[in-house]
Amino acid sequence: MQIVVLGSAAGGGFPQWNCHCRMCQSVRNGTSRAQPRTQSSIAVSDDGENWVIINASPDIRQQINASPQLAKASGARGSGVRAVIVTDAQIDHTTGLLILREGLPLDLYCTKEVADELSTSYPILSMMKHWEGGYRTTTVDPASPEGWQIPSVPSLRFVPIVLDSNAPPFSPYRDRPRPGDNIGLQIVDTRTGASLFYAPGLASPAPAVLRAMDNADCVMMDGTLWTDDEMIREGLGTSLGSEMGHLSVSGDDGMLALLANFSKPRKVLIHINNTNPILDPDSPEYHAVLAAGVEVAFDGMEIHI
Ligand code: MLT
Ligand code: MN
Ligand code: ZN
């Protein structure tokens, strides 16, 4: 299985257009060695030619143009993008569905809860029907242990894992999310048994998450914030990370402590907010992540398992 990180930042990207936090300033002014990052998305393939995009970010046009792997096509128009999965209805994970309009129709996989949000609160799927019929949406059962397969990547099996996180700010289920509002994905290569676990938004790990992490050859985990009150301390917001559905990286109960329980997988932090000091490769926080045997995802990162 081949994995490409299309975008490693959280919503807003890095730098965020209107943000003057320490990290955004430093990347804008070139006063740190931090690299810019686009918003949250990965792509997976079983043959390097046919790709499934997981989470369609507002930056998807730029991300696909920056990824020659995804450009292969036979006709006058086309691409290697065969299908899209969205793991929640958040703006940073779904707005790319608008940008992909030139390539419609396309197959889309998400839970019923997310498909409903994308037809009501944020009705992208209804709008996109006007482009060649729009998305051919298959709803997936977040409780299904077998998951589903996608014909264009026949060797991969996608198994949803319910994540404890939050529903989007525009959702009637904000602060009272349903099990289908956020899923992680266990992606298994049926030829080799190798598996990836991808969870860009995770507030706390349920037993099913721990099992998926334990089985995985690679985990890509929520690296949004270094500390829970980072946004508040920086004067950038009023919400804790935990209220937004994100477990912070540091702390006794943080993501690094959680990852320390697993020895098998390659460990990668993804969905990194622009305030997070791990974006600066010269920061003590970045060095603490490396010392824990954990990597920080960057745009264009390729992983083969
Ligand atoms: C989140 O995961 O909480 C989002 O990145 C929020 C956003 O897109 O603004
Ligand atoms: Mn997000
Ligand atoms: Zn910032």
Side-chain angles (χ1 to χ4, degrees), residues 1-8 38-57 59-87 93 96-97 99-110 132 135-140 144-161 183-200 212-213 215-221 264-268 270 295 297-305:
M1 173 183 352
Q2 299 181 36
I3 305 150
V4 178
V5 175
L6 298 180
S8 50
T38 61
Q39 295 168 83
S40 180
S41 178
I42 65 170
V44 297
S45 175
D46 61 357
D47 64 358
E49 301 230 334
N50 297 284
W51 293 85
V52 176
I53 289 192
I54 307 179
N55 290 324
S57 101
D59 301 321
I60 196 159
R61 174 184 168 279
Q62 174 188 349
Q63 293 169 336
I64 293 174
N65 283 342
S67 309
Q69 307 93 321
L70 275 60
K72 299 193 187 96
S74 43
R77 284 213 167 134
S79 88
V81 177
R82 297 275 170 263
V84 182
I85 302 172
V86 296
T87 60
H93 285 165
L97 295 173
I99 314 296
L100 292 173
R101 65 193 178 284
E102 297 93 349
L104 294 176
L106 260 177
D107 292 321
L108 173 71
Y109 299 81
C110 63
E132 305 294 333
Y135 289 91
R136 295 180 294 237
T137 306
T138 302
T139 54
V140 299
S144 162
E146 295 85 36
W148 77 96
Q149 282 178 286
I150 297 178
S152 46
V153 287
S155 302
L156 303 184
R157 177 175 290 283
F158 299 83
V159 182
I161 310 275
I183 56 169
L185 288 173
Q186 187 176 33
I187 306 168
V188 183
D189 190 321
T190 56
R191 295 166 299 190
T192 60
S195 82
L196 166 73
F197 180 60
Y198 170 65
M213 292 175 77
N215 285 331
D217 296 277
C218 177
V219 296
M220 303 185 104
M221 304 300 293
K264 177 175 156 202
R266 180 169 173 185
K267 305 167 190 176
V268 180
I270 198 160
E295 297 167 73
F298 54 89
D299 291 15
M301 183 182 201
E302 286 188 67
I303 293 177
H304 292 229
I305 57 172

Visitor: Do Ile150 and Arg82 come close enough that some side-chain heavy atom pair is under 4.5 Å?
Guide: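 With C-beta onward as the side chain, the pair stays apart.
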Visitor: Could you list the residues that satisfy salt bridge (Lys or Arg N to Asp or Glu O under 4.0 Å) with Asp107, not counting sequence neighbours?
Guide: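 Here the qualifying residues are Arg136.
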Visitor: Is there side-chain contact between Ile305 and Leu196, with heavy atoms separated by less than 4.5 Å?
Guide: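 Yes - at least one pair of side-chain heavy atoms lies under 4.5 Å apart.
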Visitor: If you apply the rule side-chain contact (heavy atoms from CB on, under 4.5 Å), what do you find for Gln69 with Glu302, and how did you get there?
Guide: CA-CA 10 Å; Gln69 307 93 321; Glu302 286 188 67; 3.4 Å; yes
Visitor: Tell me, do Gln186 and Arg157 make a side-chain contact under 4.5 Å, heavy atoms counted?
Guide: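 No, every pair of side-chain atoms sits at 4.5 Å or beyond.
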Visitor: What heavy-atom pair brings Met220 and Ile303 nearest, and what distance separates the two atoms?
Guide: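 So the two residues come closest at CE-CD1, 4.0 Å.
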Visitor: For a 4.5 angstrom cut-off between non-hydrogen side-chain atoms, does Tyr198 reach Ile270?
Guide: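 Yes; the side chains approach each other to less than 4.5 Å.
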Visitor: Do His93 and Ser57 have side-chain N/O donor and acceptor atoms under 3.5 Å apart?
Guide: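 No, Ser57 and His93 have no side-chain donor paired with an acceptor closer than 3.5 Å.
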Visitor: Search all heavy atoms of Cys110 against all heavy atoms of Thr137 and return the closest pair with its distance.
Guide: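 Result for this residue pair: SG-CG2, 4.1 Å.
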Visitor: Would you say Asp299's side chain and Ser8's backbone share a donor-acceptor pair under 3.5 angstrom?
Guide: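 Yes; at least one donor-acceptor contact below 3.5 Å.
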Visitor: Is a side-chain donor or acceptor of Trp51 paired with a backbone partner of Val153 at a separation under 3.5 angstrom?
Guide: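 Checking the backbone N and O of Val153 against the side chain of Trp51, no donor-acceptor pair under 3.5 Å is found.
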Visitor: Can you check side-chain hydrogen bond (donor to acceptor under 3.5 Å, both in side chains) on Ser45 and Asp47, steps first, answer last?
Guide: CA-CA 6 Å; Ser45 175; Asp47 64 358; 3.2 Å; yes
Visitor: Restricting to non-hydrogen atoms, name the atom on Ser155 and the atom on Asp46 that form the minimum distance, rounded to 0.1 Å.
Guide: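 For Ser155 versus Asp46, the nearest heavy atoms are N-OD2, 2.9 Å.
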Visitor: Quick one: SG on Cys218 to CE on Met1, what's the gap to the nearest 0.5 Å?
Guide: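 Atom-to-atom, Cys218:SG and Met1:CE are 9.0 Å apart.
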Visitor: Are any of the side-chain heavy atoms of Tyr109 and Phe158 separated by less than 4.5 Å?
Guide: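 No. Closest side-chain heavy atoms not under 4.5 Å.
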Visitor: Working to the nearest 0.5 Å, report the span between CD1 of Ile60 and CG of Leu97.
Guide: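 The distance works out to 7.5 Å.
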Visitor: If you measure from the Lys or Arg side-chain nitrogens to the Asp or Glu carboxylate oxygens, is any gap between Glu295 and Arg266 under 4.0 Å?
Guide: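 Salt bridge present between Glu295 and Arg266.
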Visitor: Would you say Lys72's side chain and Ser79's backbone share a donor-acceptor pair under 3.5 angstrom?
Guide: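 It does not hold such a pair.
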Visitor: Side-chain contact, heavy-atom cut-off 4.5 Å: Val44 with Gln2?
Guide: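 The answer is no, as the side chains (C-beta and beyond) never meet within the 4.5 Å cut-off.
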Visitor: Of the non-hydrogen atoms in Gly147 and Pro160, which two are nearest, and what is the gap between them?
Guide: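 Closest pair (atom of Gly147, atom of Pro160, distance): CA-CD, 3.8 Å.
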Visitor: Is the shortest heavy-atom distance from the side chain of Met213 to the side chain of Met221 under 4.5 Å?
Guide: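 Sidechains of Met221 and Met213: in contact.
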Visitor: Under the salt bridge (Lys or Arg N to Asp or Glu O under 4.0 Å) test, which residues partner Asp189, sequence neighbours left out?
Guide: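 Arg191.
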Visitor: Once you round to the nearest 0.5 Å, how far does CD1 of Ile187 lie from CZ of Phe197?
Guide: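 If I round to the nearest 0.5 Å, the distance is 10.0 Å.
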Visitor: Give the intermediate values and the outcome of side-chain contact (heavy atoms from CB on, under 4.5 Å) for residues Val81 and Ile64.
Guide: CA-CA 9 Å; Val81 177; Ile64 293 174; 4.1 Å; yes
Visitor: So which atom in Leu156 and which in Gln149 form the shortest heavy-atom distance, rounded to 0.1 Å?
Guide: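 Heavy atoms only, the tightest pair is O-CG, 3.4 Å.
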Visitor: Considering non-hydrogen atoms only, spot the tightest contact between Val268 and Ala297 and give its length.
Guide: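 The pair with the smallest heavy-atom distance is CG1-CB, 3.7 Å.
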Visitor: Could you tell me the separation between the CD1 atom of Ile42 and the CD1 atom of Ile53, rounded to the nearest 0.5 Å?
Guide: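 Between atom CD1 of Ile42 and atom CD1 of Ile53 there are 10.5 Å.
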Visitor: Is any side-chain heavy atom of Leu185 less than 4.5 Å from a side-chain heavy atom of Ile85?
Guide: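 Yes; the side chains approach each other to less than 4.5 Å.
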Visitor: My understanding is that only residues two or more places apart in sequence, or in another chain, count here; which of them pass salt bridge (Lys or Arg N to Asp or Glu O under 4.0 Å) with Arg101?
Guide: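 In terms of salt bridge (Lys or Arg N to Asp or Glu O under 4.0 Å), with neighbours along the sequence ignored, Arg101 is linked to no residue.
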Visitor: So how far is it from Asn55 CG to Gln39 CD, rounded to the nearest 0.5 Å?
Guide: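 One finds 11.5 Å between CG of Asn55 and CD of Gln39.
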Visitor: What's the spacing between Leu6 CG and Met301 CE if we round to 0.5 Å?
Guide: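 Answer for the CG-CE pair, Leu6 versus Met301, is 13.0 Å.
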